[in-house]
Amino acid sequence: MSRKSKSESLTPQYVFSSCTVLTALITIYFIGFIFYFAYPTFASQGFINFITGSEWNYSENIYGIRIFLGGTVVLTLITLMLAVPVGIFTGVFLSEFASPKVVSIMRPLIELLVGIPSVVYGVVGLFVLGPIFGSYVASITVSILGFLPFFQDPGSERGVGLALASTVLAIMILPTIISISEDSIRSVKREYREASFALGATHWETISKVVLPAASKGILSAVVLGMMRAMGETMAVVMLFGSAKQIPTTFFGSGYAMTSKILNDIGLHIAEETSRSALFAIAAVLFATEILFVGLARVIGGKL
């Protein structure tokens, strides 16, 4: 091989490797940027006190995010409980039961949900779903499940709150869960299905005992990506979750998420060094929380 041909063959490799390094550097920059500005707050408040404290006072430089962290965790968990079953079942239907014509119609419609801006989700949730939840959904849910403390009558808190915000967030993360779950299920080798059928298993037994376990890592990845989208969402959460400084204890109660706190205060306190650092500290905790869940998912996925 001539020197010229060798150099030509190496050129694409340099381009691809440069793009990979650039992507890694951007990620490292974002991490460093966030934690660099958050460090003064961690140093002055103490990381544990910052996590467990419930008081947030700019004038006295006292910062604690237990309420905001708890609100984010509760909102994310309820969102996943609503979205994951629907997303996985839809992925199973599209990959195992639906005809190619149905798939060609449904897939673009589902993927179209990704392109809708979050502020539009918030507006629709506030003006369309909000009155429905306040007038009908809350009453029906309380009448059926009111014997459980989590579904007790919330009183005046029937519109904006945990139920409405988690429902809209569940709709927002459905395309991610459905698309990745469907691809994971389709990637299961055909031989696995044929072997199951040869042993006398029904179609549903093959799906539940062979296909889904084989695709479990991909499905788990879909859930994790959906969770990260839900935890990081801002506009819809600000509009629908409320700004009550409490951790929601009922399905229709309101709360305050970490992303909401950042967006509500960043315009007023960005110029003050200590206040800005406190808001960056919230972002750092949010980022670290997502990394923690991703790590746990990888550990669990490695054992599947």
Side-chain angles (χ1 to χ4, degrees), residues 16 19-20 23-24 26-27 30 72-73 75-116 118 121 166-199 201-233 286-304:
F16 298 148
C19 292
T20 304
T23 304
I26 292 174
T27 304
F30 270 100
T72 299
V73 172
L75 177 61
T76 303
L77 290 177
I78 299 300
T79 299
L80 291 178
M81 290 175 65
L82 296 175
V84 170
V86 176
I88 295 177
F89 292 163
T90 303
V92 171
F93 171 76
L94 293 177
S95 60
E96 296 291 327
F97 295 100
S99 64
K101 185 176 182 179
V102 173
V103 173
S104 65
I105 296 174
M106 295 300 298
R107 249 192 159 182
L109 293 176
I110 294 171
E111 293 172 353
L112 187 62
L113 293 174
V114 179
I116 300 176
S118 61
Y121 279 105
S166 59
T167 300
V168 173
L169 282 181
I171 297 173
M172 294 176 68
I173 69 175
L174 273 179
T176 300
I177 298 177
I178 293 173
S179 298
I180 300 178
S181 297
E182 181 189 357
D183 291 339
S184 300
I185 294 171
R186 287 186 184 276
S187 65
V188 176
K189 294 181 179 180
R190 184 179 179 181
E191 289 80 1
Y192 290 1
R193 296 176 173 85
E194 293 176 347
S196 179
F197 291 142
L199 292 174
T202 63
H203 191 188
W204 172 243
E205 289 174 338
T206 300
I207 293 173
S208 60
K209 297 181 180 180
V210 177
V211 176
L212 289 181
S216 58
K217 290 186 178 180
I219 295 174
L220 181 61
S221 298
V223 174
V224 171
L225 290 175
M227 178 203 70
M228 294 177 68
R229 171 77 191 279
M231 291 187 70
E233 179 54 44
L286 179 62
F287 188 70
T289 303
E290 292 188 349
I291 293 177
L292 176 62
F293 279 108
V294 170
L296 290 175
R298 286 185 176 274
V299 172
I300 296 173
K303 296 179 180 180
L304 292 176

Heavy-atom pair with the smallest gap, counting every atom of Ser208 and Pro213: O-CD, 3.4 Å

Once ring pair (Phe, Tyr, Trp, His ring centres under 6.0 Å) is applied, do any residues pair with Tyr192, and if so which ones, sequence neighbours excluded? none

Quick one: side-chain hydrogen bond (donor to acceptor under 3.5 Å, both in side chains) partners of Arg107, sequence neighbours excluded? Glu182, Asp183

Taking atom CZ as the centre, does Phe197 end up with more than 12 heavy-atom neighbours from other residues, nucleotides or ligands that are less than 6.0 angstrom away? yes

Check the pair Ile171, Tyr121 against side-chain contact (heavy atoms from CB on, under 4.5 Å), reporting the backbone distance first and the verdict last. CA-CA 9 Å; Ile171 297 173; Tyr121 279 105; 4.0 Å; yes

Scan residues 221-231 for pairs that pass salt bridge (Lys or Arg N to Asp or Glu O under 4.0 Å), counting only residues two or more places apart or in two chains. Arg229-Glu233

So Lys217 and Ser184, side-chain contact (heavy atoms from CB on, under 4.5 Å) or not? Walk me through it. CA-CA 8 Å; Lys217 290 186 178 180; Ser184 300; over 6 Å; no

With side-chain contact (heavy atoms from CB on, under 4.5 Å) as the test, would you mind laying out the steps for Glu96 and Arg186 before giving the verdict? CA-CA 8 Å; Glu96 296 291 327; Arg186 287 186 184 276; over 6 Å; no

Please find the pair of heavy atoms, one from Val188 and one from Val211, that lie closest to each other, and give the distance. CG2-O, 3.8 Å

Between Met172 and Ser118, is any pair of side-chain heavy atoms under 4.5 Å apart? yes

Leu174 side, atom CG; Ile110 side, atom CD1 - distance, nearest 0.5 Å: 8.5 Å

Please report the interatomic distance CD1(Ile177) to OG(Ser221), rounded to the nearest 0.5 Å. 12.0 Å

I need the Ile178 CD1 to Met106 CE distance, nearest 0.5 Å. 8.0 Å

Ile88 side, atom CD1; Ile180 side, atom CD1 - distance, nearest 0.5 Å: 11.5 Å

Calculate, to the nearest 0.5 Å, the distance between atoms OG and CG belonging to Ser179 and Leu225 respectively. 11.0 Å

For Ala98 against Val103, the heavy-atom pair lying closest together: CB-CG2, 3.8 Å

For a side-chain contact (heavy atoms from CB on, under 4.5 Å) with Val73, tell me which candidate from Leu75, Thr76, Leu77 qualifies. Leu77

When rounded to the nearest 0.5 Å, the distance separating CG of Leu169 from CD1 of Ile78 is 12.0 Å

Tell me if the CZ atom of Phe97 is crowded by more than 12 foreign heavy atoms within 6.0 Å. yes

Test your reading of the model: is there a side-chain donor-acceptor pair from Glu205 to the backbone of Thr202, 3.5 Å cut-off? yes

Applying side-chain contact (heavy atoms from CB on, under 4.5 Å), run through Thr167 and Thr79 and close with a yes or a no. CA-CA 6 Å; Thr167 300; Thr79 299; over 6 Å; no

